[in-house]
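Let me begin by presenting the structure, written as structure tokens, before commenting on it.
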Amino acid sequence: QRVFRKDAPPSLWLSCSATLALLAMFSIGIRFSIPEPQSLTISLGFMYGTNLLTSVFSGGVWHQAQTLGFDLAVFSLWILSLPPRKSKIPRGLAYLFIAMAVGCRPFYLVMFPAFGILDFHLSKRNSKKIWKDSLLFGGPYLLILAVHNFLRFENPLEFGHRYLSQALTI
């Protein structure tokens with residue numbers, strides 16, 4: 001019961017989502033015919049060879065956003081790596097996840113078109129269908145995010161970074 005209360009440690013939730021991302025990375029490697037030992041090594045390399053591990057255990061707001069953005073991007077890649085005709089998971093969900101990652105870290109917006117290109121090459125789907133999925137699933141979230149940022153900061157592209165205490169002292 002304590003896990004679901006407001007005083008649950010943030011690192012607990014981050015550890016769970018990072019572990020799921022680790023499993024998703026491993027699964028992506030297996031789907032692309034990377035042998036299990038190498039797929040596991042690559043996945044663990046992302047966890048232990050980057051700042052992801054320290055972000056998971058730091059638990060601060062910045063670290064939470066960093067970790068969640070990474071996790072959402074990995075989950076998006078995992079969905080795109082599924083065989084399009086066999087999967088019951090809608091591919092558009094990948095675009096929702098990458099749009100949500102933009103809410104965590106704005107630079108994930110750069111990955112949005114890259115994911116569309118990846119989707120095109122992996123699924124061999126019509127590019128119009130890919131555009132439709134990206135706009136239908138990711139577009140509304142990005143629009144809500146832009147309106148929220150405009151109402152809060154008077155700029156749809158501002159995510160509050162100029163209002164951080166570190167930025168105010170510069």
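Model, not experiment: these values are computed from the prediction. When a residue number appears, it is its place in the shown sequence, counting from 1.
- Residues forming a side chain to side chain contact (heavy atoms under 4.5 Å, CB included) with S127 (at least two apart in sequence, or on another chain): F120.
- Residues satisfying the side chain to side chain contact (heavy atoms under 4.5 Å, CB included) test with P37, not counting sequence neighbours, are P35.
- At distances below 3.5 Å, at least one donor-acceptor pair connects side-chain atoms of S39 with backbone N or O atoms of F26.
- Looking only at distances, no side-chain donor or acceptor of S87 sits under 3.5 Å from a matching main-chain atom of P84.
- Linking ILVMFWY residues whenever their side-chain heavy atoms come closer than 4.5 Å, directly or via other members, leaves L143 and F137 in distinct clusters.
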Please report the C-alpha distance between F112 and Y95 in whole Å, then the side-chain angles of each, then the deciding distance to 0.1 Å, and finally whether the side-chain contact (heavy atoms from CB on, under 4.5 Å) criterion is met. CA-CA 7 Å; F112 217 92; Y95 296 102; 4.1 Å; yes
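- Applying the side chain to side chain donor-acceptor pair (under 3.5 Å) rule to pairs touching residues 135-146 yields nothing, sequence neighbours excluded.
- The structure places NZ of K132 at 10.5 Å from CG of N126, a figure rounded to the nearest 0.5 Å.
- For the pair R91 and I79, the tightest heavy-atom approach, listed with the atom from each and the gap, is NH1-O, 3.7 Å.
- If you chain together hydrophobic residues whose side chains sit under 4.5 Å apart, L44 and I42 fall into the same group.
- The structure places NZ of K128 at 13.0 Å from CD1 of I130, a figure rounded to the nearest 0.5 Å.
- Qualifying side chain to side chain contact (heavy atoms under 4.5 Å, CB included) partners for I144, counting only residues two or more places apart in sequence or in other chains: none.
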Start with the C-alpha distance between H148 and R152, add both sets of side-chain angles, then the distance that settles side-chain contact (heavy atoms from CB on, under 4.5 Å), and finish with yes or no. CA-CA 6 Å; H148 173 269; R152 190 166 180 208; 3.8 Å; yes
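- Note that CD1 of I30 and CZ of F32 are 12.0 Å apart. Values are rounded to the nearest 0.5 Å.
- Side-chain atoms of T67 never come within 3.5 Å of backbone atoms of Q64 as a donor-acceptor pair (strictly under, hydrogens ignored).
- The hydrophobic clustering, which links ILVMFWY residues whose side-chain heavy atoms are closer than 4.5 Å, places F70 and L23 apart.
- N155 places none of its side-chain heavy atoms less than 4.5 Å from the side chain of N149.
- The minimum heavy-atom distance between A73 and A101, with the atom names listed, is N-CB, 4.4 Å.
- The environment of CZ in F46 is sparse: at most 12 heavy-atom neighbours from other residues, nucleotides or ligands sit within 6.0 Å.
- Heavy atoms from other residues, nucleotides or ligands lying under 6.0 Å from CD of Q38 number more than 12.
- Every residue two or more places apart in sequence or in another chain that forms a side chain to side chain contact (heavy atoms under 4.5 Å, CB included) with M111 is listed here: I98, Y108, F115.
- Between L122 and L80 the shortest heavy-atom distance is CD1-O, 3.6 Å.
- The stretch residues 40-50 participates, sequence neighbours left out, in no side chain to side chain donor-acceptor pair (under 3.5 Å) pair at all.
- Heavy atoms only, all atoms of each residue included: G103 and L145 are closest at CA-CD2, 3.6 Å.
- Side-chain heavy atoms closer than 4.5 Å link hydrophobic residues (I, L, V, M, F, W, Y) into clusters, and following such links, possibly through other members, connects L22 to L20.
- Residue pairs meeting the side chain to side chain donor-acceptor pair (under 3.5 Å) criterion with at least one member in residues 73-86, sequence neighbours excluded: S27-W78, R31-S81.
- R125 is linked by a salt bridge (Lys or Arg N to Asp or Glu O under 4.0 Å) to D119, D133, counting only residues two or more places apart in sequence or in another chain.
- Summarising the geometry of V74 relative to I28, their closest heavy-atom pair is O-CD1, 4.1 Å, with the distance given to 0.1 Å.
- Going from atom CG of L77 over to atom CG of L72 covers 11.5 Å, rounded to the nearest 0.5 Å.
- Rounding to the nearest 0.5 angstrom, the gap separating the CE atom in M47 from the OG1 atom in T19 is 5.5 Å.
- Heavy atoms only, all atoms of each residue included: D71 and S17 are closest at OD2-OG, 2.5 Å.
- Note on F107 and L118: same hydrophobic cluster, where clusters join Ile, Leu, Val, Met, Phe, Trp and Tyr whose side-chain heavy atoms are under 4.5 Å apart, directly or indirectly.
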